[in-house]
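To keep things clear, I will list the structure first and then write my remarks on it.
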Protein chains: 2
Amino acid sequence: MLNQLNILLAEDDENLGNLLQAFLKSKGLNVTLAKNGKKAFEQFVSGEFSFCILDVMMPEMDGFTLAKEIREIDKNIPILFLTAKAMKEDKLEGFAIGADDYLTKPFAMEELLARINAIMRRAVPNNSQENEMLKIGSISFEPHLRMLHLISGDKKLTTKENQLLKLLVKNENEILDRQATLRAIWGDDNYFNGRSMDVYIAKLRKMLKEDPAIEIMNVHGKGFKLIVKP
Amino acid sequence: MLNQLNILLAEDDENLGNLLQAFLKSKGLNVTLAKNGKKAFEQFVSGEFSFCILDVMMPEMDGFTLAKEIREIDKNIPILFLTAKAMKEDKLEGFAIGADDYLTKPFAMEELLARINAIMRRAVPNNSQENEMLKIGSISFEPHLRMLHLISGDKKLTTKENQLLKLLVKNENEILDRQATLRAIWGDDNYFNGRSMDVYIAKLRKMLKEDPAIEIMNVHGKGFKLIVKP
DNA sequence: TTATAGGCTTAACTTTTTTTAACATGAGTG
DNA sequence: CACTCATGTTAAAAAAAGTTAAGCCTATAA
């Protein structure tokens, strides 16, 4: 049941990180280890994960900040915090960000596994399989092949077109935050990257206008939202 | 959000039970307290509950046995265990039965609430689609598409126009508090945002004047009120 | 190496959306 | 009734986004 679940583990303590990774792998889970928040986010934007285990205290970017960035891009992915501090305020902050669970060190690895299981039982199945075929109205989209299947024929997407469209589709009907998207795809949300993103939005709109039910709507000052009218 | 959630709390310690019940009630949750496992089960079969908080050690019927009985009837209802023992084996047994969470006493009541929230977020089917079609007199309004259907034709609304109109419609015949609205839409209720809002009210009035029965009335010093005369 | 093509960014210009300003009106208060 | 403050209204200014094309890398072919 939990097979092929890709977990992102952000943990700066190498010993603990390796230990957890080995344990979870032995239980059939696929764990990618990132040594700090920044690296974890870079990994996350690849879009291959369906579960996050985040240490709260890490160099570069702490777990809470990382979780907020992740939540901007994926409102639904389960997040479990690990922390050395048992402080009530921290826990509440973690849950406020949208955590699913909050585990205080030291803990039994079996308990971690049990909690992952408990959360996954309720989590919406994230079909982020390797070879998924996404649907945008009457147009189909294969992110892994960077391919868009239009009525008029197939269209190969560039890296950026593909990344942006993937994020839009995965957040259909929700606002894709401008800043967070820039950081996720461009690495930095400066003015020029923003203009670059606007150019890509124009390109995608042009491609998708084949189906008039599809709209990439702008939410002024916030970001973009993909909508497919019924 | 968690309003009208009926919680079954099985707890033999009367002090703690009453305390928890009072706290959760103060947060808008409806809590039924049962003093042992047997009574809890009798309550449960009434079918009115959508969340269970079960103490593990209770007379008559312990929490694990109770949970199993409950699971026979409802495979899906969230279950959170409370226990005085922190023993690893017990926790694992709890999760094996299908618990969603397992909290060891003593705990902060706020943490309990946060955990209930975290679970409910996933347990409640996500009907956030809200493709609703609202009516303002003879004019119809689709906030999801930011579209106003006038007799003279369709009108696309801007982000701010849409947000403000949505709030007005959802509070039809009630005063939409000025400050609260500013904070909700503009994030801050300073003077300039207030003037900006007045400009938008003027714009909306202009659009809606097609139907003379519609009025956006000002309540001096308080806010605005949308009224549709019969 | 130089040429070329593809992909991305930057620039330039346009349009849309939002904010600010300026002036008018109206409501509440001493 | 005079004064103040909140709101009505319109227009100008500013900011954000839409669009198209030119420029600039970089990888690959000639």
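Chain A is the first sequence line, chain B the second, and so forth, proteins listed ahead of strands; every chain is numbered from 1. What's counted below: heavy atoms across the whole structure, side chains too, no hydrogens, waters or symmetry copies.
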Query - A:Y200 six-ring face occupied by A:K203 cation (under 6.0 Å, within 45°) - result: yes
Pair [X] + [Y]: basic N to acidic O under 4.0 Å:
{"X": "A:K75", "Y": "A:D177", "result": "no"}
{"X": "B:R115", "Y": "B:E111", "result": "yes"}
{"X": "B:K170", "Y": "B:E132", "result": "yes"}

Return the [atom1] to [atom2] distance between [X] and [Y], rounded to the nearest 0.5 Å.
{"X": "B:L145", "Y": "B:M133", "atom1": "CG", "atom2": "CE", "result": "8.5 Å"}
{"X": "A:L157", "Y": "A:Q163", "atom1": "CG", "atom2": "CD", "result": "11.0 Å"}
{"X": "A:I7", "Y": "A:L24", "atom1": "CD1", "atom2": "CG", "result": "5.5 Å"}

Query raised in the report: Got a sec: does the NZ of A:K160 have more than 12 other heavy atoms crowding it under 6.0 Å?
Result: yes
Query raised in the report: Taking everything shown except B:K206 itself, do over 12 heavy atoms lie less than 6.0 Å from its NZ?
Result: no
[X] [atom1] to [N] [atom2], straight-line distance once rounded to whole Å:
{"X": "B:L182", "N": "C:dT19", "atom1": "CG", "atom2": "C1'", "result": "13 Å"}
{"X": "A:D198", "N": "C:dT16", "atom1": "CG", "atom2": "P", "result": "16 Å"}
{"X": "B:Y191", "N": "C:dT20", "atom1": "OH", "atom2": "P", "result": "11 Å"}
{"X": "B:D188", "N": "C:dT18", "atom1": "CG", "atom2": "P", "result": "17 Å"}
{"X": "B:L164", "N": "C:dT17", "atom1": "CG", "atom2": "C1'", "result": "15 Å"}
{"X": "B:N190", "N": "C:dT18", "atom1": "CG", "atom2": "P", "result": "16 Å"}
{"X": "A:K222", "N": "C:dT17", "atom1": "NZ", "atom2": "P", "result": "16 Å"}
{"X": "B:M197", "N": "C:dT20", "atom1": "CE", "atom2": "P", "result": "15 Å"}

Report task. Please work out which residues in residues 150-157 of chain B have a non-hydrogen atom less than 4.0 Å from an atom of DNA chain C and list them by number. Result -> none
Report summary line: Ordered by number, residues from residues 203-217 of chain A within less than 4.0 Å of DNA chain C (heavy atoms) are none
Report task. Could you tell me from which nucleotide to which nucleotide of DNA chain D, 5' to 3', there is an atom under 4.0 Å from chain A heavy atoms? Result -> D:dA16 to D:dT20
With a 3.5 Å cut-off and sequence neighbours excluded, list the donor-acceptor pairs that the side chains of residues 210-224 of chain A form with protein atoms.
residue	atom	partner	partner atom	Å
A:E210	OE1	A:S152	N	3.4
A:E210	OE1	A:S152	OG	2.9
A:E210	OE2	A:I151	N	2.7
A:D211	OD1	A:A213	N	2.9
A:D211	OD2	A:S138	N	2.9
A:D211	OD2	A:S138	OG	3.0
A:E215	OE2	B:K156	NZ	2.9
A:N218	OD1	A:H220	N	3.4
A:N218	ND2	A:G223	O	3.4

Query raised in the report: Is there side-chain contact between A:K105 and A:D55, with at least one heavy-atom pair below 4.5 Å?
Result: yes
Query raised in the report: Going by heavy atoms in the side chains, are A:L134 and A:L165 under 4.5 Å from each other?
Result: no
Indicate whether OP1 or OP2 belonging to [N] is found under 4.0 Å from a side-chain N or O atom of [X].
{"X": "B:T158", "N": "C:dT18", "result": "yes"}
{"X": "A:W186", "N": "C:dC8", "result": "no"}
{"X": "B:T159", "N": "C:dT17", "result": "no"}

Requested in this report: Applying side-chain hydrogen bond (donor to acceptor under 3.5 Å, both in side chains), name anything that partners A:T32, two or more places apart in sequence or on another chain.
Outcome: none
Requested in this report: For the pair A:F64 and A:F81, name the ring-plane relationship: parallel under 30°, tilted 30 to 60°, perpendicular over 60°.
Outcome: perpendicular
Report task. Would you give a per-nucleotide map of nucleotides 22-30 of chain C, 5' to 3', where B means the base has a protein non-hydrogen atom under 4.0 Å away, S means only the sugar-phosphate does, and - means neither? Result -> B----S---
